[in-house]
Amino acid sequence: MQEIRQILGDRVEVLSLKDIGCDVDIPETGKTLEKNALQKARYVYDHYHLDCFADDTGLEVEALNGAPGIYSARYASMETNAASHDSEANMARLLRELNDKDNRKARFRTVIALIQKKDVCPCGCTSIKQEHLFEGIVTGEITTERSGAEGFGYDPIFRPDGFEHTFAEMTAEQKNGISHRGRATAKLAEYLLK
C-alpha cells in the first residue's frame, strides 16, 4: 500500500481492504498468478462495488520447472505440517531442493489485476466492467545461503541480475526501484494516470 500510494501520490485515492471493512481471507484457488490476482480483485469488486486491484506474486525457479510459483508463500507447508507463510521453512526447502543443482536461475513475477466499472448495462441490470493485467518481472539467481536482514519472504536468498547483493541486503528504496512488484506497480500507475 505504501509503495503504491507513493507512486500514485494524491492523484488517485487508494484504500486498503481494512479501509473498506473487508476482513475476509479471500481464497486463491487459481492455477496461475493471473487467475489468483483476478479472483481476489473480482471478489472485492463483486462484494464492495468499488474499482479495485489485487496482486499475486511468485518465485519461479528454472531448475524446479517454475516451482514454487503460485505456492511460494506456502511452499514448505506443502511438504510438511509447517505453518503456512513460514519464510524460514520456505527458504530451507528451496535451498535443500537446489543443493545439488548448478542452475540457480530464478525470477520473481508479480501480476496485478485491475477491475474498473466502465458503464451500466442499458437495461440497468448490471454494471459493465473492464479488467486489466499488469506484470512485473525481475530475474536473478538463488544464492547458496541467506544474506541480509531486510525485506521478507525469499529476499535473503534472491540476488537480482546485475547486483552483488540479495534483496534482503538492499534498502527498501533500492529494492522497489528494480523489483517485480515495483515494475508491475509502475505499469498500473502509468495506466491510471494517463
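Every heavy atom of this structure was used, including side-chain atoms; hydrogens, water molecules and symmetry mates were not.
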Under-4.0 Å salt bridge between Arg107 and Glu62 = no
Side-chain heavy-atom pair Glu150, Glu169 within 4.5 angstrom cut-off = no
Min side-chain heavy-atom separation Leu38-Leu133 under 4.5 Å = yes
Heavy-atom pair of closest approach, residues Glu60 and Gly69 = CG-CA, 4.3 Å
Spacing of CG belonging to Leu192 relative to NZ belonging to Lys187, to within rounding of 0.5 Å = 14.5 Å
Check whether the side chains of Thr110 and Asp55 place a donor and an acceptor atom closer than 3.5 Å, and report yes or no.
-> no
Shortest non-hydrogen contact between Ser72 and Gly58, atoms and distance = OG-CA, 3.5 Å
Would Met78 and Asn90 count as a side chain to side chain contact (heavy atoms under 4.5 Å, CB included) if you check the C-alpha gap in whole Å, the side-chain angles of each, and the deciding distance to 0.1 Å?
-> CA-CA 10 Å; Met78 297 170 58; Asn90 289 337; over 6 Å; no
Salt-bridge present (Lys194, Glu190; N to O < 4.0 Å) = no
When rounded to the nearest 0.5 angstrom, what is the spacing between NZ in Lys129 and SG in Cys52?
-> 9.0 Å
Using a strict cut-off of less than 4.0 Å between a Lys/Arg side-chain nitrogen and an Asp/Glu carboxylate oxygen, indicate whether Glu135 and Arg109 qualify as a salt bridge.
-> yes
Side chains of Lys40 and Glu28 in contact at under 4.5 Å (non-hydrogen atoms) | yes
For Ile157, the other hydrophobic cluster members (4.5 Å side-chain criterion, sorted by chain and number) are Leu59, Val61, Leu64, Tyr75, Met91, Leu94, Leu95, Leu98, Phe108, Val138, Ile142, Tyr154, Phe158, Phe163, Phe167, Met170, Ile178
Could you go step by step and tell me if Ile137 and Arg183 meet the side chain to side chain contact (heavy atoms under 4.5 Å, CB included) rule?
-> CA-CA 7 Å; Ile137 296 173; Arg183 291 174 177 177; 5.6 Å; no
Closest non-hydrogen atom pair between Ala41 and Ala54, with its separation | N-CB, 3.7 Å
State, with a plain yes or no, whether a side-chain heavy atom of Leu114 is found less than 4.5 Å away from one of Gln116.
-> yes
Check the pair Val44, Ile20 against side chain to side chain contact (heavy atoms under 4.5 Å, CB included), reporting the backbone distance first and the verdict last.
-> CA-CA 10 Å; Val44 173; Ile20 64 171; 4.0 Å; yes
Report the distance from atom CD of Glu34 to atom CD1 of Ile70, rounding to the nearest 0.5 Å.
-> 10.5 Å
Yes or no on side chain to side chain contact (heavy atoms under 4.5 Å, CB included) for Arg159 and His165, after CA distance, side-chain angles and deciding distance?
-> CA-CA 6 Å; Arg159 181 173 39 239; His165 302 290; over 6 Å; no
May I ask whether Val12 and Leu15 are part of the same hydrophobic cluster, defined by side-chain heavy atoms of I, L, V, M, F, W, Y residues being less than 4.5 angstrom apart, directly or through others?
-> no
Indicate, with yes or no, if the rings of Tyr45 and His49 have centres closer together than 6.0 Å.
-> no
Are any non-hydrogen side-chain atoms of Asp51 and Gln130 less than 4.5 angstrom apart?
-> no
With sequence neighbours excluded, residues passing side chain to side chain donor-acceptor pair (under 3.5 Å) with Tyr48 | none
All pairs passing salt bridge (Lys or Arg N to Asp or Glu O under 4.0 Å) where residues 13-26 contributes a residue, at least two apart = Arg5-Asp19
Charged N-O contact under 4.0 Å between Arg42 and Glu131 | yes
Tell me, do Lys175 and Asp155 make a side-chain contact under 4.5 Å, heavy atoms counted?
-> yes
Hey, is the main chain of Gly30 close enough, under 3.5 Å, to the side chain of Asn36 for a donor-acceptor pair?
-> yes
Joint hydrophobic cluster, Ile128 plus Ile115, side-chain heavy atoms closer than 4.5 Å | no
Can you name the closest pair of heavy atoms from Ala168 and Ser147 and give their distance?
-> CB-O, 3.6 Å
Would you call Ile26 and His47 a side-chain contact if the rule is heavy atoms closer than 4.5 Å?
-> no
